[in-house]
Amino acid sequence: MGVNLSGRSFLKLLDFTPAEIRYMLDLAAEFKRLKRNGVPHDYLRGKQIVLLFEKTSTRTRCSFEVAGRDLGMGVTYLDPGSSQMGKKESLEDTARVLGRMYDGIEYRGFDQSIVEELAEKSGVPVWNGLTTQFHPTQMLADIMTAEENLGDMRGKKLVFMGDAGNNVANSLMVVCAKLGINFVACGPEKQMPAKELVETCRKIAAENGSTITLTEDVKEGTKGAHVIYTDIWVSMGEPDDIWAERIKLLEPYRVTKEVMANADEHAIFLHCLPSFHDTNTTIGADIAEKFGVKEMEVADEVFESKQSKVFDEAENRMHTIKAVMYATLK
Ligand code: CP
Ligand code: NVA
């Protein structure tokens with residue numbers, strides 16, 4: 001039977017079958033080809049979407065805006081400072097209002113239950129642009145980038161290093177399980193994905209012929225890996241006073257030249273971005289001054305190396321988000 005995602009929300013990858021995920025990835029590759037060749041693809045002309053951001057963003061916001069316009073849609077951007085949401089109007093009422101005006105809603109913010117409630121109450125497709133628990137649109141871009149460089153990812157090894165219990169690591173574990181990719185969370189025991197999610201993913205991975213491994217051992221964890229992935233050590237919404245503890249816990253899990261040398265000879269480096277690979281940011285400079293740490297989750301030489309595909313990955317956010325919107329709104 002063909003895949004039909006029309007009218008569906010995109011809240012977490014656990015809700016989708018491997019065939020549905022494959023469909024969105026193939027669609028994204030087709031949209032990338034059209035965009036590169038300058039072929040118009042405003043297939044959703046006349047539709048309207050709204051983007052709700054309770055946390056800041058560069059890639060996700062711009063991807064939704066550009067993809068929405070390429071598809072011919074009208075796009076409204078709202079942040080907490082420019083809407084009533086949360087302060088004067090409940091989420092439920094906001095969802096019911098927006099559902100009357102828009103064909104689709106993107107949400108970036110806090111608990112996963114918020115985006116799930118938005119979908120339930122608004123009556124239109126809702127897309128998760130990052131919650132505390134998951135970041136599902138990111139994973140489509142990550143797998144697309146990995147496939148562009150390494151071909152079929154089934155049976156290959158993807159390692160997430162560092163804060164392995166965060167939204168990006170959780171979502172990577174799910175997508176790997178769904179697509180038959182061997183996933184390794186390499187970090188301290190304190191920063192591992194929740195037990196229940198690990199168990200769920202292990203069952204899914206077994207059905208698709210892959211494994212989920214949690215390890216504190218960098219040498220063993222990254223050995224022969226095809227993709228080495230990391231993310232910032234303190235996520236949006238976490239308190240600033242957690243930096244000292246995180247630096248101490250996660251420094252052994254920085255992606256260095258030695259880590260890349262221990263991986264497969266064709267291994268690539270991925271990062272969802274933004275990244276603290278130098279001191280050219282206010283937070284980066286502040287951390288360098290306070291803790292003497294000049295590069296955090298990834299060494300600058302790895303970030304800038306040929307193995308690093310982070311800017312292809314950033315571009316692919318747009319093509320994959322376009323695929324998600326098209327698949328669910330067409
Ligand atoms: N990777 C990602 O989601 O980036 P932004 O926070 O800039 O959207
Ligand atoms: N884990 C990060 C991802 C940013 C794209 C955060 O939630 O801040």
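Computed from a predicted model, the values in this text were never measured in an experiment. Worth knowing before you read on, the calculation uses all heavy atoms, side chains too, and leaves out hydrogens, waters and symmetry mates. Heads up: numbering here begins at 1 and tracks the sequence. In listed order, ligands and their atoms are each counted from 1.
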Side chains of [X] and [Y]: do they bring a donor and an acceptor to under 3.5 Å?
{"X": "Asn182", "Y": "Thr211", "answer": "yes"}
{"X": "Glu54", "Y": "Tyr107", "answer": "yes"}
{"X": "Trp127", "Y": "Thr137", "answer": "no"}
{"X": "Asn316", "Y": "Glu148", "answer": "yes"}

Would you mind running through ligand 1 and noting each atom that sits below 4.0 Å from a heavy atom of [X]?
{"X": "His135", "value": "2 (C), 3 (O)"}
{"X": "Thr58", "value": "5 (P), 7 (O), 8 (O)"}
{"X": "Cys272", "value": "1 (N)"}

Show me the short polar-atom pairs for ligand 2: any N or O of it lying under 3.5 Å from a protein N or O, with distances only.
unit_1   : atom_1 : unit_2 : atom_2 : d
ligand 2 : 1 (N)  : Asn167 : OD1    : 2.8
ligand 2 : 1 (N)  : Asp231 : OD2    : 2.7
ligand 2 : 1 (N)  : Ser235 : OG     : 2.7
ligand 2 : 7 (O)  : Asn167 : ND2    : 2.8
ligand 2 : 8 (O)  : Met236 : N      : 2.8

Can you tell me if Leu130 contacts ligand 1 (heavy atom of the residue under 4.0 Å from the ligand)? no

Less than 4.0 Å is my threshold; does some heavy atom of Lys55 fall inside it relative to ligand 1? no

Tell me whether Leu273 has any N or O atom under 3.5 angstrom from an N or O of ligand 1. yes

Can you confirm, on distance only, whether ligand 1 has an N/O atom lying under 3.5 Å from any N/O atom belonging to Arg61? no

For Phe183 and Phe160, I'd like to know if the aromatic rings sit close, meaning centre-to-centre distance below 6.0 Å. no

Kindly state whether the ring of Phe10 and the ring of Phe16 have centres lying under 6.0 angstrom apart. yes

Identified salt bridge (Lys or Arg N to Asp or Glu O under 4.0 Å) partner of Asp163 from the options Arg254, Arg246, Lys190: Arg246

Please say which of Lys156, Lys309, Arg22 ends up in a salt bridge (Lys or Arg N to Asp or Glu O under 4.0 Å) with Glu147. Arg22

